[in-house]
Amino acid sequence: MQTNLQILVDEAHSLCRKLGGNGKVADYIPQLATADPAAFGLSVCTVDGQTYSAGDVWTPFTMQSISKILSLACVQAAGIDPYARMFAEPSGDAFHSIVRLEEEKGRPRNPLINAGAIVVSSLLPGATANDKIEQLLGFLSRCAGGASFVIDDAVYQSERRTGYRNRALANYMKHFAVIDDPDTSVDTYFRQCAVRVCAGDLARIALFLAADGRDPLSQQLIVTPDINRRLLAVMTTCGLYDEVGQFALRVGLPGKSGVSGGILAIVPGRMSIVTYGPALGERGNSVAGLAALEFLSSRLNLSLFCPPDLRSEGTPL
Ligand code: DON
């Protein structure tokens with residue numbers, strides 16, 4: 001099984017790595033435009049502690065929107081209910097959309113669009129942006145069995161200089177009293193987006209999501225099974241914004257993408273998969289990453305909608 005999975009990961013890499021040529025690196029945060037559009041890697045962590053990787057899995061990138069699911073996990077692990085302030089419905093809109101906030105009185109559609117994620121950042125325990133980020137970094141370290149992570153200051157500063165749309169979202173939500181302190185909330189959000197990882201790190205951090213909330217390697221409970229299932233549910237319905245339907249058709253897994261080119265996908269009970277390819281398609285998701293996930297899902301019958309007895313690979317919990 002191990003050899004088969006490595007062969008398929010290698011095959012996914014060699015079939016998909018050129019597809020970045022069909023996409024474009026994000027440049028609305030100027031520092032992101034320095035990424036190599038040809039970079040491509042994928043990393044798989046299984047719940048029994050094996051890793052399989054190919055390509056640029058040690059290339060650093062910033063989490064961007066993939067951080068949204070981890071800050072949500074951190075807030076929920078602290079016993080805070082973000083759904084008291086937002087809906088849990090797919091928006092059908094782009095990640096940074098402001099359109100529904102007017103008609104829905106400042107309550108975001110879900111925690112994975114920017115508006116919802118800014119609310120989640122505001123709910124991280126701590127009074128200042130520093131405290132909140134320390135809380136999140138501590139949480140990420142616990143998820144990864146003690147590894148530590150830092151913020152990429154160049155990316156943080158770049159987004160801080162240009163992120164007026166996110167400031168507008170935060171101020172708009174303050175008007176409706178959905179958040180208390182827009183400046184702290186948005187500053188926390190910019191910093192969490194700039195946490196630096198590589199595909200291998202991120203697959204390790206997210207392994208608890210594949211193991212019903214417990215890190216299977218350290219045996220630490222990261223979130224309760226109930227919270228974990230909600231995290232996977234919201235990834236499945238909202239994780240790829242206005243491309244979430246295509247992702248369900250093509251991959252059929254809970255996923256979360258980021259504008260720096262990462263995609264995280266979870267196979268419940270079995271594995272976390274992270275792809276990194278900074279060339280994005282029209283909806284802001286990695287072209288090569290999506291194709292590689294589609295390939296692996298189809299070859300291994302990973303889709304949630306596939307009967308369990310047809311799954312050809314896997315390690316049950
Ligand atoms: O809010 C922003 O613009 C970025 N820091 C994160 C956006 C992002 O990653 C969207 N997801 N694909």
Side-chain angles (χ1 to χ4, degrees), residues 23-35 61-72 90-98 101 108-122 129 132-133 136 151-173 179 182-183 185-197 199 202 206 234-235 237-247 251 254-265 274-290 293:
K24 196 173 165 304
V25 172
D27 57 8
Y28 74 96
I29 299 173
Q31 191 64 22
L32 295 184
T34 62
F61 61 97
T62 52
M63 280 194 198
Q64 298 300 330
S65 286
I66 297 177
S67 69
K68 293 169 178 172
I69 194 67
L70 297 163
S71 61
L72 181 63
S91 70
D93 296 321
F95 64 94
H96 56 7
S97 175
I98 200 164
L101 282 183
R109 284 253 101 194
N110 67 66
L112 299 182
I113 53 169
N114 286 12
I118 292 168
V119 175
V120 173
S121 304
S122 80
K132 289 174 186 294
I133 282 299
L136 180 64
I151 289 168
D152 182 321
D153 194 55
V155 173
Y156 164 57
Q157 297 296 347
S158 187
E159 183 160 18
R160 207 156 80 103
R161 277 195 296 273
T162 53
Y164 289 99
R165 191 173 175 119
N166 284 323
R167 286 195 186 90
L169 291 171
N171 283 305
Y172 207 66
M173 293 188 289
I179 55 175
D183 296 335
S185 308
V186 92
D187 190 37
T188 306
Y189 172 76
F190 290 158
R191 293 191 208 198
Q192 76 175 52
C193 286
V195 173
R196 192 193 290 137
V197 288
L202 198 47
V234 79
M235 288 172 77
T237 52
C238 309
L240 274 85
Y241 316 109
D242 48 346
E243 201 162 22
V244 77
Q246 275 296 324
F247 194 73
V251 182
K256 185 73 212 80
S257 58
V259 80
S260 52
I263 304 180
L264 164 67
V274 172
T275 58
Y276 171 64
L280 310 179
E282 280 181 6
R283 303 281 164 102
N285 299 310
S286 170
V287 178
L290 257 167
L293 289 167

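First listed ligand is number 1; within each ligand, the first listed atom is number 1. Quick caveat: nothing in here was measured; it's all calculated off a predicted structure.
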### Task
Go through ligand 1 atom by atom and flag the ones less than 4.0 Å from a non-hydrogen atom of Cys193.
5 (N)
### Task
Report the part of Ile66 (side chain from C-beta onward, or backbone N, CA, C, O) that has a heavy atom under 4.0 Å from ligand 1; answer both or neither where that applies.
neither
### Query
Just by distance, do the side chain of Thr62 and the backbone of Gln64 share a donor-acceptor pair under 3.5 Å?
no
### Query
Going by the atom numbers of ligand 1, which of them fall below 4.0 Å from some non-hydrogen atom of Asn166?
1 (O), 2 (C), 3 (O)
### Task
Examine ligand 1 and decide if any of its atoms is less than 4.0 Å from a heavy atom belonging to Glu159.
yes
### Query
Which heavy atom of the protein is the closest neighbour of atom 1 (O) of ligand 1, given with residue, atom name and distance?
Tyr189 OH, 2.6 Å
#### Entry: ligand 1 to Asn114 polar contact by distance, N or O atoms, under 3.5 Å
yes
### Under 3.5 Å: donor-acceptor pair, side chain of Asp187, backbone of Asp183
no
### Query
Less than 3.5 Å between some nitrogen or oxygen of Ser260 and one of ligand 1, yes or no?
no
### Query
What heavy-atom pair brings Pro90 and Thr237 nearest, and what distance separates the two atoms?
CB-O, 3.2 Å
### Message
Once you measure the plane-to-plane angle for Tyr276 and Phe61, does it fall in the parallel (<30°), tilted (30-60°) or perpendicular (>60°) bin?
### Response
parallel
### Message
Using a 3.5 Å cut-off on N or O atoms only, is Val259 in polar contact with ligand 1?
### Response
yes
### Query
Any idea which atoms of ligand 1 are less than 4.0 Å away from a heavy-atom of Phe95?
3 (O), 7 (C), 10 (C)
### Message
Is it the case that the side chain of Lys256 and the backbone of Leu240 share a donor-acceptor pair, with hydrogens and angles ignored and the cut-off at 3.5 Å?
### Response
no
### Polar contact flag for Asn285 and ligand 1 (N/O pairs, less than 3.5 Å)
no
### Query
If we ignore angles and hydrogens, is there a donor and acceptor under 3.5 Å between the side chains of Ser67 and Gln192?
yes
### Task
Kindly determine whether Arg109 and Leu101 satisfy side-chain contact (heavy atoms from CB on, under 4.5 Å), including the steps that lead there.
CA-CA 8 Å; Arg109 284 253 101 194; Leu101 282 183; over 6 Å; no
### Query
Nearest to atom 4 (C) of ligand 1, what protein heavy atom do you find, and at what distance?
Gln64 OE1, 3.2 Å
### Task
Please indicate whether any nitrogen or oxygen in Tyr241 is less than 3.5 Å from any nitrogen or oxygen in ligand 1.
yes
### Query
Which residues satisfy the side chain to side chain donor-acceptor pair (under 3.5 Å) test with Ser257, sequence neighbours excluded?
Asn285
## Note on the structure
If you scan protein heavy atoms around atom 3 (O) of ligand 1, the nearest is Tyr28 OH, 2.5 Å
### Query
Which residue supplies the protein heavy atom nearest to atom 10 (C) of ligand 1, what is that atom called, and how far is it?
Ser65 OG, 2.8 Å
### Query
Is the Phe190-Tyr156 ring centre distance short of 6.0 angstrom?
no
